[in-house]
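Notes follow the structure.
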Amino acid sequence: SDMRLGWCVGKNSEWYMPVIRDIILKIAGKNDIKPENMLFFGSSGGGFSAVILSTLIKKSQVMVNNPQLFLKNYEETHFNRMIQSCFDNQDLDSILDEYGYRFDVVEVFKRENHMPHMIYLINSNSKTDINDQLLPFINRLDSFSEFDDQLDLLLYHTEGGHQGVYDSDRTITLLKNHFKEYKLTTRETLKVKKELLKIANTRSYRMAYFLHRFNHEFLKGKNGERKDFLRWLANKLVGKKSGLEYKHNPLLGLVYKYF
């Protein structure tokens, strides 16, 4: 009764997302609406549901604003209440082992062997959305073999943190144009680049990035990856720039690739 956010996770073995997909497809079919003409939209918890539905309805697209993509990374109170309400008499480890994909969009991508074209709007002034959702998402996409330019990232800056959504008029324009006509102006492009670099240079991001590389390259990586890590670390210690910084840094990689 205390659950206020459920993400359409379902009840025990029944996952609600496929049920919702089937309802949408039935209504769409009666109205001659093809999946390629479907655009899902949502923010916060609704953003999570929108991404999952677009993944299940192949050829559709999705636009999200400050979404949750990894439910375990969101507020612990909401997650725990969802677990208690949606699963009966099961411990968390068992739930995660059997149903963990329901809480993680990348696991659903892998399960469906598909990632939809995704327009991701995110407030650079929301530390929780940047650190707990966007950065893990970028890192995790590396493990999805079918990832190939399906992600368009639009960073903006406004007050309100997670609640600070993108300007409503601009959002409506994006939705109406189905993203085909929307182009960043030079000024907007420079602003996005500036925000990316600003985030990449924060102490919290640099520490998270270092720990990620240390764990995946030095501790768990192969000999070549360990050597890359040690060369990168040696260059950092003497203040020398190298291509390895862009190769392994998700935010600087975006700057290098698109700006």
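Model, not experiment: these values are computed from the prediction. Hydrogens, waters and symmetry mates play no part in the numbers below; they use all other heavy atoms, side chains included. All residue numbers in this chain count up from 1 along the given sequence.
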_Could you check whether any side-chain N or O of Lys11 sits under 3.5 Å from a backbone N or O of Ser85, counting only pairs where one atom can act as donor and the other as acceptor?_
yes

*With the side chain counted from C-beta on, respond yes when Leu25 and Met38 share a heavy-atom pair under 4.5 Å apart, and no when they do not.*
yes

*Hey, quick one: are Val19 and Ile27 part of the same hydrophobic cluster, counting side-chain heavy atoms closer than 4.5 Å, chains of contacts allowed?*
yes

*How far apart are the closest heavy atoms of Val106 and Asp104, and which atoms are they?*
N-OD1, 3.0 Å

*Supply the atom-to-atom distance His117 NE2 to Ser54 OG, rounded to the nearest 0.5 angstrom.*
10.0 Å

*Is the count of non-hydrogen atoms from other residues, nucleotides or ligands lying under 6.0 Å from Lys198 atom NZ greater than 12?*
no

_Non-hydrogen atoms of Pro67 and Tyr120 that approach each other most closely_ = CD-CE2, 3.4 Å

*asked:* Pair Glu98, Phe87 - check side chain to side chain contact (heavy atoms under 4.5 Å, CB included), show working.
replied: CA-CA 11 Å; Glu98 189 168 0; Phe87 300 94; over 6 Å; no

*Rounded to the nearest 0.5 Å, how far apart are CG of Asn37 and CD of Gln61?*
9.5 Å

*Can you hop from Met207 to Ile138 via hydrophobic side chains spaced under 4.5 Å?*
yes

*Got Asn123 and Asp129 here, is their nearest side-chain heavy-atom distance under 4.5 Å?*
no

*Leu230 and Leu219: same hydrophobic cluster, using ILVMFWY side-chain contacts below 4.5 Å?*
yes

*Would you call His78 and Leu71 a side-chain contact if the rule is heavy atoms closer than 4.5 Å?*
no

_Residue pair Gln68 / Ser44, side-chain donor-acceptor N/O under 3.5 Å_ = yes

*Determine the interplanar angle of the Tyr166 and Tyr156 rings, folded into 0 to 90°, and report it as parallel if under 30°, tilted if 30 to 60°, perpendicular if over 60°.*
tilted

*Trp15 and its ring-ring contact (aromatic ring centres under 6.0 Å, His included) partner, picked from Tyr101, Tyr99, Phe103*: Tyr101

*Side-chain donor or acceptor of Thr55 paired with backbone N/O of Val51 under 3.5 Å*: yes

*Within the distance-only criterion (no hydrogens, no angle test), does the side chain of Arg206 pair as donor or acceptor with the backbone N or O of Asn201 below 3.5 angstrom?*
yes

*How far apart are the C-alpha atoms of Ile20 and Cys8, what are their side-chain angles, what is the distance that settles it, and do they pass the side chain to side chain contact (heavy atoms under 4.5 Å, CB included) test?*
CA-CA 9 Å; Ile20 298 171; Cys8 299; 3.8 Å; yes

*Ile199 and Leu134, any side-chain heavy atoms less than 4.5 Å apart*: no

*Can you list the steps and then say if Phe229 with Phe210 is a side chain to side chain contact (heavy atoms under 4.5 Å, CB included)?*
CA-CA 10 Å; Phe229 174 80; Phe210 170 80; 3.9 Å; yes

*Co-membership, hydrophobic cluster, residues Leu211 and Phe137, 4.5 Å side-chain*: yes

*Please name the pair of heavy atoms, one in Asp132 and one in Asn73, separated by the smallest distance, quoted to 0.1 Å.*
O-ND2, 2.8 Å

*Taking the six-membered ring for Trp, are Phe48 and Tyr74 ring centroids under 6.0 Å apart?*
no

*asked:* Looking at Lys59, I'd like to know if its NZ atom is crowded, meaning that more than 12 non-hydrogen atoms belonging to other residues, nucleotides or ligands lie closer than 6.0 Å.
replied: no

*Consider only side-chain N and O atoms of Ser126 and His162, and report whether a donor and an acceptor are under 3.5 Å apart.*
no

*Would you give the length of the straight line joining atom CE of Met63 to atom OG of Ser43, rounded to the nearest 0.5 angstrom?*
10.0 Å

*Taking Asn125 for the side chain and Thr158 for the main chain, is one N or O donor matched with an acceptor at less than 3.5 Å?*
yes

*Do the side chains of Phe70 and Gln133 get nearer than 4.5 Å, heavy atoms only?*
yes

*Which atom names give the shortest non-hydrogen contact between Met115 and Leu151, and what distance separates them?*
CE-CB, 4.2 Å

*Donor-acceptor pair, Gln84 side chain versus Arg81 backbone, under 3.5 Å?*
no

*asked:* Is it the case that the side chain of Gln150 and the backbone of Asp148 share a donor-acceptor pair, with hydrogens and angles ignored and the cut-off at 3.5 Å?
replied: yes

_Just verifying a value: how many Å separate Arg226 CZ and Phe214 CZ, rounded to the nearest 0.5 Å?_
10.5 Å

*Using atom types as modelled and distance alone, determine if a side-chain donor or acceptor of Asn235 lies under 3.5 Å from a backbone N or O of Arg231.*
yes

*Can a salt bridge be assigned to the pair Glu107 and Lys110 using a cut-off of 4.0 Å between side-chain N and carboxylate O?*
yes

*Distance (rounded to the nearest 0.5 Å) between Glu217 CD and Lys222 NZ*: 13.0 Å

*Value rounded to 0.5 Å, distance of NE2 in His157 from OG in Ser124*: 5.5 Å

*Are Ile57 and Ile23 linked, directly or through other ILVMFWY residues, by side chains that come within less than 4.5 angstrom of each other?*
no

*Contact check, side chains of Glu112 and Leu56, non-hydrogen atoms, under 4.5 Å*: yes

*Decide yes or no for Leu96 and Lys72: does some side-chain heavy atom of the first lie under 4.5 Å from some side-chain heavy atom of the second?*
yes

*Of all the heavy-atom pairs spanning Cys86 and Met3, show the shortest one and how long it is.*
SG-SD, 4.1 Å

*Measure the shortest side-chain to side-chain distance between Phe109 and Pro116 over non-hydrogen atoms and say whether it is less than 4.5 angstrom.*
yes

*Heavy-atom donor-acceptor pair, Asp88 side chain to Asn12 backbone, under 3.5 Å*: no

*Show the numbers, then the answer: is there a side chain to side chain contact (heavy atoms under 4.5 Å, CB included) between Ile130 and Thr202?*
CA-CA 12 Å; Ile130 294 291; Thr202 59; over 6 Å; no

_Nearest atoms (heavy-atom pairs only) where Phe40 meets Ser60_ = CE1-OG, 3.7 Å

